[in-house]
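Below: one structure, written as structure tokens.
The analysis underlying the following values was restricted to heavy atoms, covering all of them including side chains, and did not include hydrogens, waters or symmetry mates. Atoms within each ligand, like the ligands themselves, are counted from 1 in listed order.
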Amino acid sequence: MHNDIDKILVNEQEIAQICQNLGKQITHDYQGKRPILVGLLKGCIPFMSDLSRHIGLYVDMEFMAVSSYHGGISTSGDVKIRKDLDISIADRDVLIVEDIVDTASTIMTIINLFRHRGAASVKVVTLLDKPGGRIHDFTPDYIGKTIPKAFVVGYGLDYDELYRNLPYVGVLKPKVYND
Ligand code: 5GP
């Protein structure tokens with residue numbers, strides 16, 4: 001698996017540092033509150049797990065499954081909800097946990113849905129931000145690292161359901177998706 005990676009963009013030490021820093025900031029900003037962390041499956045899993053352990057507050061942890069990619073490497077812009085939340089978010093502070101924001105279609109759809117459902121506040125924490133891919137004007141509230149417009153895998157991010165278990169984020173060798 002490691003041989004399929006051309007270049008590491010965010011290594012394990014950097015990811016650990018990002019989770020620590022973001023956790024500290026979130027703990028500070030939500031002091032006295034009980035936010036709901038909403039992870040977007042499946043990409044959020046490693047990040048949600050590591051980040052949440054640096055948040056020193058009472059939190060609820062919920063998951064949603066949405067999809068905008070269909071096994072390829074470019075976005076379709078068509079967002080589908082495959083698994084919805086199990087609890088009401090009315091009057092609650094919601095913090096959406098994303099792996100990466102690219103065009104921002106997914107996140108804008110979810111934010112609008114949560115506002116419509118009456119959340120007290122809706123914020124977004126993303127491990128990676130790819131502002132070069134935007135088709136909507138959107139800036140996440142918390143960003144782990146800003147990266148150039150490239151297709152990345154690892155630490156939750158897949159290519160055709162593989163590479164989610166890489167402990168770092170990297171760029172695939174072009175031959176992997178050209179073959
Ligand atoms: P957006 O709606 O912002 O275009 O895309 C968000 C979703 O697309 C992410 O949650 C992720 O699932 C997928 N995505 C966007 N960029 C990448 C990428 O570089 N690599 C992978 N593996 N998935 C991506």
Exercise. Which ligand 1 atoms are under 4.0 Å away from a heavy-atom of Asp158?
Worked result: 21 (C), 22 (N)

Exercise. Given that the side chain starts at C-beta and the backbone is N, CA, C, O, which of these parts of Asp99 lies under 4.0 Å from ligand 1, counting heavy atoms, or is it both or neither?
Worked result: side chain

Exercise. Has ligand 1 got any nitrogen or oxygen that is less than 3.5 angstrom from a nitrogen or oxygen of Val152?
Worked result: yes

For this session: Say whether Met108 and ligand 1 are in contact under the criterion: heavy-atom distance to a ligand atom below 4.0 Å.
Result: no

Exercise. Going by the angle between their ring planes, with limits at 30° and 60°, are Tyr159 and Phe151 parallel, tilted or perpendicular?
Worked result: perpendicular

For this session: Taking only Lys NZ, Arg NE, NH1 and NH2, and the carboxylate oxygens of Asp or Glu, determine whether Lys173 and Asp6 approach each other closer than 4.0 Å.
Result: no

Exercise. Linking I/L/V/M/F/W/Y whenever their side-chain heavy atoms sit closer than 4.5 Å, directly or via other members, would Val124 and Ile36 fall into one cluster?
Worked result: yes

For this session: Going by the side chain to side chain donor-acceptor pair (under 3.5 Å) test, name the single residue among Asp102, Thr139, Asp129 that passes it with Arg134.
Result: Asp129

Exercise. Can you find an N or O of Val101 that's nearer than 3.5 Å to an N or O of ligand 1?
Worked result: no

Exercise. Does some non-hydrogen atom of Gly133 fall short of 4.0 Å from ligand 1?
Worked result: no

For this session: Before signing off on this row, confirm whether Tyr159 and ligand 1 have an N or O atom pair separated by under 3.5 Å.
Result: no

Problem set entry | Leu40 to ligand 1, any heavy atom closer than 4.0 Å | no

For this session: Please identify which atoms of ligand 1 are closer than 4.0 Å to at least one heavy atom of Thr106.
Result: 1 (P), 2 (O), 5 (O), 6 (C)

Exercise. Per the side chain to side chain contact (heavy atoms under 4.5 Å, CB included) rule, which among Leu95, Asn21, Val59 passes with Ile26?
Worked result: Leu95

Problem set entry | Which of the ligand 1 atoms, numbered from 1, are nearer than 4.0 Å to a heavy atom of Glu98 | 10 (O)

Problem set entry | Salt-bridge present (Arg53, Asp50; N to O < 4.0 Å) | yes

Exercise. Hey, looking at atom 18 (C) of ligand 1, which of Lys130, Arg164, Arg134 has the closest heavy atom?
Worked result: Lys130

Exercise. Do the charged groups of Asp99 and Arg164 touch, with an N to O distance under 4.0 Å?
Worked result: no

For this session: Return yes if a side-chain donor-acceptor contact under 3.5 Å exists between Thr103 and His136, otherwise no.
Result: no

For this session: Answer yes if Leu41 and Leu157 sit in the same cluster of Ile, Leu, Val, Met, Phe, Trp and Tyr residues linked by side chain heavy atoms under 4.5 Å apart, and no otherwise.
Result: yes

For this session: Could you tell me whether ligand 1 has any atom less than 4.0 Å away from a heavy atom of Ala104?
Result: yes

Seminar exercise, completed: Quick note on ligand 1: atoms under 4.0 Å from a heavy atom of Ala150 include exactly 19 (O)

